[in-house]
Amino acid sequence: MNAKWWQNAVIYQVYPRSYCDSDGDGIGDIPGLISKLDYIQHLGVDAIWLSPVFKSPQDDNGYDISDYQDIEPMFGSLEDMRRLFAEAGKRGIKILVDMVLNHTSDEHPWFLEAKQSRDNPKHDWYVWRDSTPDCPPNDMLSCFGGSAWQWCEECGQFYFHQYSVKQPDLNWDNPEVRQALYDMMNWWAKEGAGGFRLDVIDSIAKEPDNKVTAEGSMLHPYIREMSKSVLQGTDLVAVGECWSANPDRAKLWSNPDGSELSMVFQFEHIVLDQVGWEKWNLAPLPKVKLKEVIAKWQRELHGKGWNSLFWENHDVPRIVSRWGNDKQYREQSAKMLGIFLFGLQGTPYIFQGQELGMTNAPYELEEYRDIEIRNMAAERLAKGYTMESIMESIHAKGRDNARTPMQWNDGENAGFTTGEPWLKVNPNYVTINAEEQLDREDSVLNCYRKLIALRKSADVFFDGEYTPIWPEWEEFFAYRRSNGKETLTVIANFGEGELNVPADLFAEAGELCVSSYPDANSNVLRPYEARMYLKK
Ligand code: NOJ
């Protein structure tokens with residue numbers, strides 16, 4: 001089987017408002033990102049997934065778009081974006097633009113027209129239902145709290161919004177909507193985009209009358225239509241965000257025949273340390289279950305689809321604070337988590353700062369900026385939750401944990417801005433920063449650099465078949481991947497005790513390529529010790 005470029009790639013996610021600020025307004029921007037392309041190239045990644053920089057009122061930090069074909073001035077201009085494509089291209093790096101196709105901003109001209117009257121030609125571009133102002137069509141809830149229906153005075157109807165009231169859902173059942181979105185995507189491809197990350201793409205074919213959001217009956221037909229109209233016959237990569245994915249659906253989404261997308265983000269591992277679907281209700285991580293979930297996805301998609309591999313993004317907390325130890329063993333556990341992830345089959349994603357072992361942000365409620373955090377706190381306070389329990393949830397799961405400014409150096413504001421940062425810099429930037437790690441051989445950053453380079457060094461990363469090793473042993477996270485010629489062995493201690501590993505495991509393993517401790521040579525795995533071996 002021939003690999004597609006993105007099957008041997010590593011993708012780095014940039015959350016632009018927190019990456020690098022070039023003009024001192026406290027918000028990261030495209031020229032700032034361009035100034036850091038050498039750093040990104042030095043990491044060795046092949047592509048950048050750039051969170052939205054399109055024109056937007058920023059109600060949800062850019063996931064509320066008011067013009068898909070222009071750039072929000074706080075991030076720069078269309079010219080800056082073109083320069084970014086060109087400068088990244090010179091360094092062999094593609095740019096994936098983040099397409100929010102499920103909804104627009106309520107300030108998008110389409111919506112401004114749509115809400116004017118029921119017979120406006122754009123009216124049917126959104127999802128409307130009749131009722132009286134005090135009686136929403138049904139009890140569906142928005143992901144950011146409150147009803148999913150908002151009364152619109154102008155046209156005297158409710159509109160549907162799965163996210164904030166400023167993010168009205170588009171009506172994908174209208175073919176004009178679909179065509180306008182495909183045309184816009186083709187325009188970005190012509191401009192130089194290397195692909196797309198597709199926001200909540202499994203929710204586009206909503207059926208609110210049946211209370212269906214994800215996986216509506218027309219979802220896959222629409223995706224196949226998009227694939228034909230935009231993706232097929234190109235080398236664009238398309239990764240969909242699919243909270244509803246299970247392995248069977250993921251095999252459709254990432255069918256090797258290219259009929260849908262390249263791959264999807266699935267979240268089965270991400271929801272393990274919570275109660276049901278409620279992310280704010282915390283639960284301990286069931287480690288054996290985590291291994292089962294990973295093994296299932298590795299097994300099921302092998303040869304039949306393609307996995308996205310990730311621990312972090314702008315919506316989930318920092319992995320070292322979540323499943324590692326961000327104090328005593330911060331470096332070891334950050335590296336362990338990277339090593340474990342990078343041996344798996346799929347395309348690895350690194351969220352900015354993950355390569356430094358950046359940690360969650362221990363702030364007061366007023367210091368967070370995220371709409372989801374603010375709405376949840378207000379809702380829970382009104383329901384009588386204690387402030388203590390609300391803060392515990394935010395410190396563990398709040399989205400701003402990952403969105404704090406990138407820590408470049410130990411200077412003012414971590415070198416992120418000369419102004420007032422839009423979200424406070426994590427005070428630990430004095431010790432955790434890129435400058436300190438660049439030339440230190442055993443840094444988290446250099447561990448990620450090694451892992452990225454290793455992915456290109458042997459076919460087994462692409463095609464090796466996954467076999468778990470002693471999956472019932474709770475803290476021992478280990479697997480082997482083999483393609484008949486090469487064998488990759490990854491072993492990790494996912495805890496703080498010592499683990500005695502039977503010696504015969506090492507006899508077969510081959511050469512040690514990377515580890516989370518500099519002197520990894522005994523049969524005992526120390527806290528968060530991980531090693532990757534390769535036998536050619
Ligand atoms: C998923 C995005 O990743 C998240 O940040 C955003 O709030 C929602 N989709 C709505 O667009």
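One-based numbering, in listed order, for ligands and for the atoms of each. The first residue in the sequence is number 1, and the count goes up from there.
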Practice item. Establish, yes or no, whether the cationic atom of Lys94 lies under 6.0 Å from the six-membered ring centre of Trp49 and within 45° of the ring axis. Key: no
Revision key, fill the gap. Checking Leu50, Ile30, Asp98, Val53 against Val14 for side chain to side chain contact (heavy atoms under 4.5 Å, CB included), the one that qualifies is Leu50
Review point. Is the Lys NZ or Arg CZ of Lys122 less than 6.0 Å from the centre of Trp125's six-membered ring, within 45° of the axis?
Key: yes
Review point. Mind checking what residues have non-hydrogen atoms under 4.0 angstrom from ligand 1?
Key: Asp60, Tyr63, His103, Phe144, Tyr163, Arg197, Asp199, Val200, Glu241, His314, Asp315, Arg399, Arg403
Point to revise | NZ or CZ of Lys424 within 45° of Tyr363 ring axis and under 6.0 Å | key: yes
Practice item. Pick out which of Leu236, Leu101, Leu96 makes a side chain to side chain contact (heavy atoms under 4.5 Å, CB included) with Phe196. Key: Leu236
Could you go through residues 339-352 and list every donor-acceptor pair under 3.5 Å that involves a side-chain atom there, pairing it with any protein atom two or more places apart or in another chain?
| unit_1 | atom_1 | unit_2 | atom_2 | d |
| --- | --- | --- | --- | --- |
| Gln345 | OE1 | His302 | ND1 | 3.0 |
| Gln345 | NE2 | Phe462 | O | 2.6 |
| Thr347 | OG1 | Trp6 | O | 2.7 |
| Thr347 | OG1 | Trp306 | NE1 | 2.7 |
| Gln352 | OE1 | Tyr15 | N | 2.6 |

